Amino acid sequence: MAREPLRLLRATAQRAGTVAVSPLRRFRRPSQTSSPAASPDRTAVASTPFDPAALDPTARPRPLVRAAGLAAVTVLGAWIGLLVVGSVHISVGPMDTRMALRPSLTGGTKINVAPLGALELNSHHAPLRLDVDVDRLDPIRSQALVDHPERLSGLQDEVASDVTRGTLGLAVRSCVAVVFGATALGLAVYRRPRRALAAGGLALTLLTASGGAVYATWNPNSVLEPRYSGLLSSAPSVVGNARSIVTDFDVYQRELARLVTNVTQLYEATSTLPAYQPDPTTMRVLHISDVHLNPAAWHIVQSLVRQYKVSVIIDTGDTMDHGTSAENGFLDPVSDLGAPYVWVRGNHDSASTQRYLAKRKGAHVVDNGDVITVAGLRIAGIGDPQFTPDRSAAAAGDAAEHSAGRRLAEAIRDREAAGAPVDIALAHNPIAARETDGTVPLALTGHVHHRRTEVLPGGTRLMTEGSTGGSGLRAVDDGTPDTVQASVLYLDRDTRRLQAWDEIDLGGLGLAKAEVSRHLPAENRPGATPTPTTP
């Protein structure tokens with residue numbers, strides 16, 4: 001008798017499963033004429049199995065979960081669609097290219113010129129990146145430009161028209177790709193046409209919104225601040241200097257055209273690139289720092305001096321690691337770098353280091369607020385007041401740095417009062433250099449082993465260089481080698497004001513990567529109001 005209620009419940013559920021169409025009908029009571037004992041026999045023809053989830057509403061998918069699943073299917077399907085069919089092949093001037101949209105967290109444009117390297121532009125901020133792959137340079141069209149240089153005058157309009165046409169074609173193809181990809185994946189996952197169409201519609205909406213973000217954040221001047229990598233890292237010295245970009249944009253365009261027409265020759269030898277003649281009104285300063293006994297740094301400096309036609313090298317200290325007399329021979333190559341070498345003492349450089357370097361040919365040491373004139377630049381500096389490898393002396397901390405910075409600022413004010421204002425202030429520690437704010441247009445420092453640039457409240461631009469020695473041998477202590485960093489500063493020869501700068505990043509120990517990015521001060525951007533200069 002105890003089994004009778006269980007048999008009755010099972011029979012009722014099974015009979016409900018055979019006739020039920022909706023969850024409400026699943027709970028309909030059995031016919032009053034049906035006997036409990038006969039119910040199991042009549043359910044033998046049941047074809048639909050009993051689904052316990054139908055009696056438990058909490059087992060059904062929740063709306064938020066369904067929405068998240070649909071969003072995931074949409075994004076993944078759209079991505080797959082872009083990867084498979086979301087690209088167009090188009091000729092841009094003398095080049096055959098492939099343009100494609102790719103998901104990205106930062107946006108921008110990346111131009112790949114395999115195997116030479118890449119060119120990155122901060123053209124927009126959106127979850128889409130424009131990739132342009134240069135497949136090949138058409139030799140016939142390139143030779144036509146070489147044979148008929150008058151065609152270069154119309155190359156800009158031709159390239160602009162080609163890019164516009166390619167962008168429109170890419171937009172249409174991308175819309176088809178994301179809708180097809182999301183719809184196909186939705187159909188495969190849900191097996192319901194309505195859900196699949198919903199995924200396709202959502203993908204089109206997301207792409208349209210991303211396109212709106214691209215349009216709203218589009219920066220046409222991003223071409224003025226590109227980032228080069230690979231062999232193309234030599235491009236800044238080929239294209240021209242920052243002053244030409246700002247004041248003579250047509251010269252910049254011609255040099256770009258010359259670079260394009262000579263890309264094929266890079267496959268044979270990079271020396272065949274056209275050599276750019278530096279603007280005589282522009283001075284080039286190579287800023288290095290924190291070499292830390294890395295002998296490879298001198299080879300890098302020599303290469304940059306030749307490539308950029310550097311007027312003066314400025315080293316903001318920590319050339320040594322322990323400051324011992326045994327290390328002094330490491331400084332001998334400074335006489336053969338190819339440009340005057342200006343140095344300020346760091347906290348790893350001893351007084352012995354400073355005395356030894358002061359005797360080297362072509363080296364200029366600045367300390368105690370002294371001012372020297374090198375290559376037409378008035379440079380003042382003060383050595384770091386602390387020598388940290390000397391364990392016998394307690395470190396004085398930031399207070400000593402502030403005090404040294406105030407002495408440097410006072411010396412700069414005295415020179416300005418005498419009618420000989422200082423152009424550049426040097427200190428190893430940024431804390432000391434901050435004290436010169438308002439007394440000098442440009443201050444250079446190092447010490448922290450990573451690069452940063454800021455304009456202080458008083459108007460002084462503080463530029464801190466990374467480690468040109470890749471932090472020296474201490475870099476092997478970490479799993480990832482430190483980047484080798486240096487910067488080339490472009491200064492107007494008449495006003496000695498900063499016009500632009502190139503940031504150079506090289507792979508550290510065991511790495512072979514090069515990147516160069518160009519930057520312009522806000523006052524030198526197209527359309528900006530020039531900052532008044534003092535004589």
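Nothing fancy with the numbering, it's 1 onward along the sequence. Owing to the predicted nature of the structure, the values given are computational and were not obtained by experimental measurement.
Between the CE atom of M99 and the OG1 atom of T109 there is a distance of 8.5 Å, given to the nearest 0.5 Å. Taking CD1 of I424 as the start and CE of M463 as the end, the distance is 10.0 Å to the nearest 0.5 Å. Note that the OG1 atom of T464 and the CG atom of L462 stand 4.5 Å from one another [nearest 0.5 Å]. The CD1 atom of I288 lies 10.0 Å from the CD1 atom of I314; values are rounded to the nearest 0.5 Å. To the nearest 0.5 Å, atom CD of residue Q499 and atom CG of residue D492 are 5.0 Å apart. In this structure, K309 NZ and L286 CG are separated by 13.5 Å, a value rounded to the nearest 0.5 Å.
Looking only at side-chain heavy atoms (C-beta outward), V310 and V285 stay at 4.5 Å or farther from each other. In this structure, the side chains of W501 and V488 stay at 4.5 Å or more apart for every pair of heavy atoms. R451 places a side-chain heavy atom less than 4.5 Å from the side chain of E503. Inter-residue side-chain proximity for I504 and Q485 is flagged as unmet; no heavy-atom pair is nearer than 4.5 Å. The closest side-chain heavy-atom distance from H449 to S289 is not below 4.5 Å. In this structure, V178 and L82 have side chains that are in contact, with non-hydrogen atoms separated by less than 4.5 Å. L456 places none of its side-chain heavy atoms less than 4.5 Å from the side chain of T436. R129 has its side chain out of reach of L101: every pair of non-hydrogen atoms, C-beta onward, lies at least 4.5 Å apart.
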Task: Stepwise side-chain contact (heavy atoms from CB on, under 4.5 Å) check, N294 with T468 - done: CA-CA 9 Å; N294 186 347; T468 309; over 6 Å; no
Task: Derivation and outcome, side-chain contact (heavy atoms from CB on, under 4.5 Å), residues T282 and R493 - done: CA-CA 5 Å; T282 301; R493 189 174 296 275; over 6 Å; no
TODO: Begin from the C-alpha positions of D423 and L442 and carry the test side-chain contact (heavy atoms from CB on, under 4.5 Å) through to its verdict.
DONE: CA-CA 7 Å; D423 302 313; L442 180 63; over 6 Å; no
- [ ] For the pair R98 and D133, evaluate salt bridge (charged side-chain N to carboxylate O under 4.0 Å, His left out) and give the outcome as yes or no after the intermediate values.
- [x] CA-CA 5 Å; R98 183 176 66 89; D133 296 328; 2.7 Å; yes
Task: Trace of the side-chain contact (heavy atoms from CB on, under 4.5 Å) decision for V132 with L130 - done: CA-CA 7 Å; V132 181; L130 175 62; 4.1 Å; yes
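Remark: the backbone N or O of Y308 is paired with a side-chain donor or acceptor of R284 at under 3.5 angstrom. Between the side chain of D437 and the backbone N or O of G458, at least one donor-acceptor pair lies under 3.5 Å. Using modelled atom types, one side-chain atom of T217 and one backbone atom of H125 make a donor-acceptor pair closer than 3.5 Å. Under a 3.5 Å cut-off, the side chain of R195 and the backbone N or O of P193 do not form any donor-acceptor pair. No donor-acceptor pair closer than 3.5 Å links the side chain of H124 to the backbone N or O of V214. Put simply, the side chain of S174 gets close to the backbone of L170: a donor and an acceptor are under 3.5 Å apart. Counting only distance, with no hydrogens or angles, the side chain of D318 and the backbone of D290 share no donor-acceptor pair below 3.5 Å. Judged by distance alone, the side chain of Q302 and the main-chain N or O of D336 form a donor-acceptor pair under 3.5 Å. Not one N or O on the side chain of T183 forms a donor-acceptor pair closer than 3.5 Å with the backbone of F180. A donor-acceptor pair under 3.5 Å links the side-chain atoms of W298 to the main chain of F330, judged by distance alone.
Counting only N and O atoms by type, the side chains of T445 and T316 include no donor and acceptor under 3.5 Å apart. Side-chain polar atoms of E465 and S487 form a donor-acceptor pair below 3.5 angstrom. Judged by distance alone, the side chains of W218 and S123 never bring a donor and an acceptor atom under 3.5 Å apart.
When every heavy atom of N219 is checked against every heavy atom of N122, the shortest pair comes out as ND2-O, 3.8 Å. Closest of all the heavy-atom pairs between A500 and L520 is CB-CD2, 3.3 Å. Minimum heavy-atom separation, A100 to S87: CB-CB, 3.7 Å. Nearest heavy atom pair, residue A196 against residue L187, reads CB-N, 3.5 Å. Of all the heavy atoms in S210 and A126, the pair that sits closest is O-CB, 4.0 Å. Contact detail for R461 and A522: the closest heavy-atom pair is NH2-N, 4.5 Å.
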